Amino acid sequence: MSGKVEIEEAVNYTPLQRMRHSAAHVMAEAVQEIFPDARFAIGPAIEDGFYYDFDLPRALTPDDLPDIEQRMRRIIAGNHPFTGERWPREKALEYFQKKDQEYKVELIENLPDAEVGMYQQSKFLDLCRGQHVDNTSEIGPIKLMRVAGAYWRGDEHRPMLQRIYGTAWFTQEELDQYLWRLEEAQKRDHRKLGRELKLFTFSDDVSAGVPLFYPRGEMLRHLMENYVRDTQERYGYQHVWTSHIGKVRLYKTSKHWYTYRENMFPIMKGEQETSEDDAFILKPMNCPHHITLFKSQMHSYRELPIRYAEFATLYRYEKTGTLTGLARVRSLTQDDAHVFMRPDQIQEEFNNAVNLTAEVFSTYGLSDYYVRLSLRDPKKKEDYVGGDEVWDEAESSLRSAVEGRHITYELGIGEAAFYGPKVDFMVRDALGREWQCATVQLDLNQPMNFELEYIGEDGQPHRPVMIHRAVTGSTERFMAMIIEHFAGAFPVWLSPVQAMIIPIADRHQDYAYKVLEQLKAAGIRAEVDIRSERMNAKIRDAQLQKIPYMLVVGDKEAAAEAVSVRLRTNVDLKSIAVKDLIERVTGIARSKSFEL
RNA sequence: GCCGAAGUAGCUCAGUGGUAGAGCAACGGUUUUGUAAACCGUCGGUCGUCAGUUCAAUCCUGACCUUCGGCUCCA
């Protein structure tokens, strides 16, 4: 087997990825033309494009991109072949040391092989494991998208490099289509829709990352929470309430004080509290509180599992740079639950939690998500709390719970928490960013910290195990996803305003209010638009608010006890008797169908 | 937190070293309307905050606040 084949097998790029990766090399050459002293880090193909990380003598601005792009086009048009060869490690090391390319040197130092790949196009020679197009002319239409900071190796303790993101496609049409897709995605950005649909806002005077919900946004959260609440009750959960504050000592017992403190708001210490232990904290999580509830009573093995759920608002001091609309906030409402159980109940409880989550996701019509299953590293068992027996059982239970649902999942060996394996449900937002929503985690550690016990069949105390789980995760983040998923056009059961009654002229207002009363009595969320506007304007506004039903009422409707129904999909249902409409809407809402 | 960009009326945005405009919204009036924007008028901003430079700052400089893009998809 030749060296070249080995390199190619190591990455196995698709033709498109190969082309994009080649574009990254060309971009590096263009940057080198401008900055001869540039130092180069890595430049992989990524989803939708490529990037390259540079260490440059000055900061790039967006204005630099056109210049770099032009140089790239010139290089591409130069018909330069990509040539690869294998160099002995030492030779490559020496070469890059002499050129002061510290990042390349570090990369080589971490490579185990005796030989490394070196690829050249035009005047640019780079360490690379390969897979390029044969010639620069094969690189399709490119566009540089943005500059961004990126830590070397993603480590915040290492130097900050400058990253240029670009995109490349085989044809101009594909590039145009991609750019159009980006624009469309921006239209469903929940931050934009949140303002337009009057759902929520933020204020500098309140705090970054603390959303304020308007009535329509609150209605949406209320409906979402109620749905999860009803569903988890059906799955055997009981709801509890544990307020918003606690003492430092509680978090010392749970150890969060030592491991989680940077995410906690500063403590509140009054004049009476002489010791730090008695100072107050804003609750960043529920587990210590739920554990306290569990521990305050004796428990028999017969009672287990005990499932405590709570819609609690938690406060976490997230770094400012990570705050993003509702997707990452400082005050979040978790649909959190903790299950206290016997070790022999692990499998059943995992199943229960995964089934619950899958049911909720399917009600929302969510299918673009995957599950990450995090297991322990079998080579480092000593890093984890708890014995093999529990871990093996837990891991295989989790795996079969996930596999039984036919969900796409990825395996993260060594990504388990030290206290137990977990599954996370990952969802993408409109702009392609991934967010963790639901999570199910086994915890072998907190029962030890709090010395939890239940009385077994043998009359002796035994240590329970715990599951932490959240279905929608944080209500706020899930709302962000739902807003983007439906582009603000919520199904009837979730729509804050389900119907807008539109009187054609002032003389129809009395009848409009009569209809409103009937709808309200049937539990339909409706409003009357009494503004002195033309019907067309009222329709347009209701349409832009994505209200499912527009009910136009004029002389004909008033005479017939009817409404003229227009759907937000532009469908005109013509005149329908009020009682028939009520039946239709309540039926659709009850079934949580996506129909209108 | 770090790197870059940005912050002008409720929203979308224009603009200048000599203290600012447009459209939509809001408000007042006229209109009483049949399925995506009626017409006329009025109001509205200490140009993110605080300092500094300057005869003069919304514009230049600095700090802070906030927002946006990003911070391993590893040669």
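Every chain is numbered from 1, with letters handed out A, B, ... down the list of sequences. In this text the structure is predicted, and so the values were computed from the model without any measurement.
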Inset, instruction - Give a yes or no on whether the backbone of A:Y315 and the side-chain of A:S331 come within a donor-acceptor separation of less than 3.5 Å. - result: no
Inset, instruction - Find out whether the Lys NZ or Arg CZ of A:R328 is both under 6.0 angstrom from the six-membered ring centre of A:W435 and within 45° of the ring's axis. - result: no
Inset, instruction - Using a 4.0 Å heavy-atom cut-off across all strands, classify A:A505 as base, sugar-phosphate, or nothing. - result: base
Legend entry - A:R534 vs B:A38: side-chain N/O to OP1/OP2 distance below 4.0 Å: yes
Legend entry - Side-chain N,O (A:R20) to OP1/OP2 (B:C73) below 4.0 Å: no
Inset, instruction - Look at A:R566 and B:A36 and indicate whether a side-chain polar atom (N or O) is within less than 4.0 Å of OP1 or OP2. - result: yes
Legend entry - Donor/acceptor link under 3.5 angstrom from A:Y151 side chain onto base of B:G1: yes
Inset, instruction - Determine: side-chain N/O of A:R433 to OP1/OP2 of B:G69, distance under 4.0 Å, yes or no. - result: yes
Legend entry - Pairing string, 5' to 3', for RNA chain B - Watson-Crick or wobble contacts under 3.5 Å, brackets [ ] where pairs cross, | to another strand: (((((((..((((....[..)))).(((((.......))))).....(((((..]....))))))))))))....
Legend entry - Six-ring centre of A:Y51, A:R163 cation under 6.0 angstrom, axis tolerance 45°: yes
Legend entry - Side-chain N or O of A:T320 closer than 4.0 Å to phosphate OP1/OP2 of B:G1: yes
Legend entry - Pairwise C1' distance for B:U54 and B:U58, with rounding to whole Å: 15 Å
Inset, instruction - Please lay out, stage by stage, how A:F54 and A:Y52 fare under the test ring pair (Phe, Tyr, Trp, His ring centres under 6.0 Å). - result: CA-CA 7 Å; A:F54 309 98; A:Y52 211 117; 5.1 Å; yes
Legend entry - Side-chain donor/acceptor of A:E557 to base of B:G34, under 3.5 Å: yes
Legend entry - Upstream residue (5' side of RNA chain B) when A:D204 and A:Y51 are each assigned their closest nucleotide: A:D204
Legend entry - Those residues of residues 95-104 of chain A lying under 4.0 Å from RNA chain B by at least one heavy atom: A:K104
Inset, instruction - Flag yes if more than 12 heavy atoms outside A:D510 fall under 6.0 Å of its CG atom; otherwise flag no. - result: no
Inset, instruction - Please determine if A:R372 forms a cation-pi arrangement with A:Y409, meaning its NZ or CZ atom is less than 6.0 Å from the six-membered ring centre and no more than 45° off the ring axis. - result: no
Inset, instruction - Check A:K514, A:K579, A:Q518 against A:E561 for a side-chain hydrogen bond (donor to acceptor under 3.5 Å, both in side chains) and give me the one that passes. - result: A:K514
Legend entry - Phosphate OP1/OP2 of B:C2 contacted by A:R158 side-chain N/O (<4.0 Å): no
Inset, instruction - Salt-bridge test for A:K143 and A:E69: reply yes if a basic N is under 4.0 Å from a carboxylate O, no otherwise. - result: no
Legend entry - Of A:T61 and A:A41, the one whose closest RNA chain B nucleotide lies more 5': A:T61
Legend entry - Derivation and outcome, salt bridge (Lys or Arg N to Asp or Glu O under 4.0 Å), residues A:R58 and A:D64: CA-CA 11 Å; A:R58 70 161 171 90; A:D64 290 312; 3.0 Å; yes
Legend entry - Test side-chain contact (heavy atoms from CB on, under 4.5 Å) applied to A:I139 and A:H132, A:Q121, A:M19, the passing residue: A:M19
Inset, instruction - Using only side-chain N and O atoms of A:R191, determine if any of them is under 4.0 Å from OP1 or OP2 of B:C68. - result: yes
Inset, instruction - Sticking with atom C1', work out how far B:A26 lies from B:G10, rounded to a whole angstrom. - result: 8 Å
Legend entry - Any A:Y165 side-chain N or O less than 4.0 Å from OP1/OP2 of B:C71: yes
Inset, instruction - May I have the distance from A:R153 (atom CZ) to B:C3 (atom P), rounded to whole angstrom? - result: 22 Å
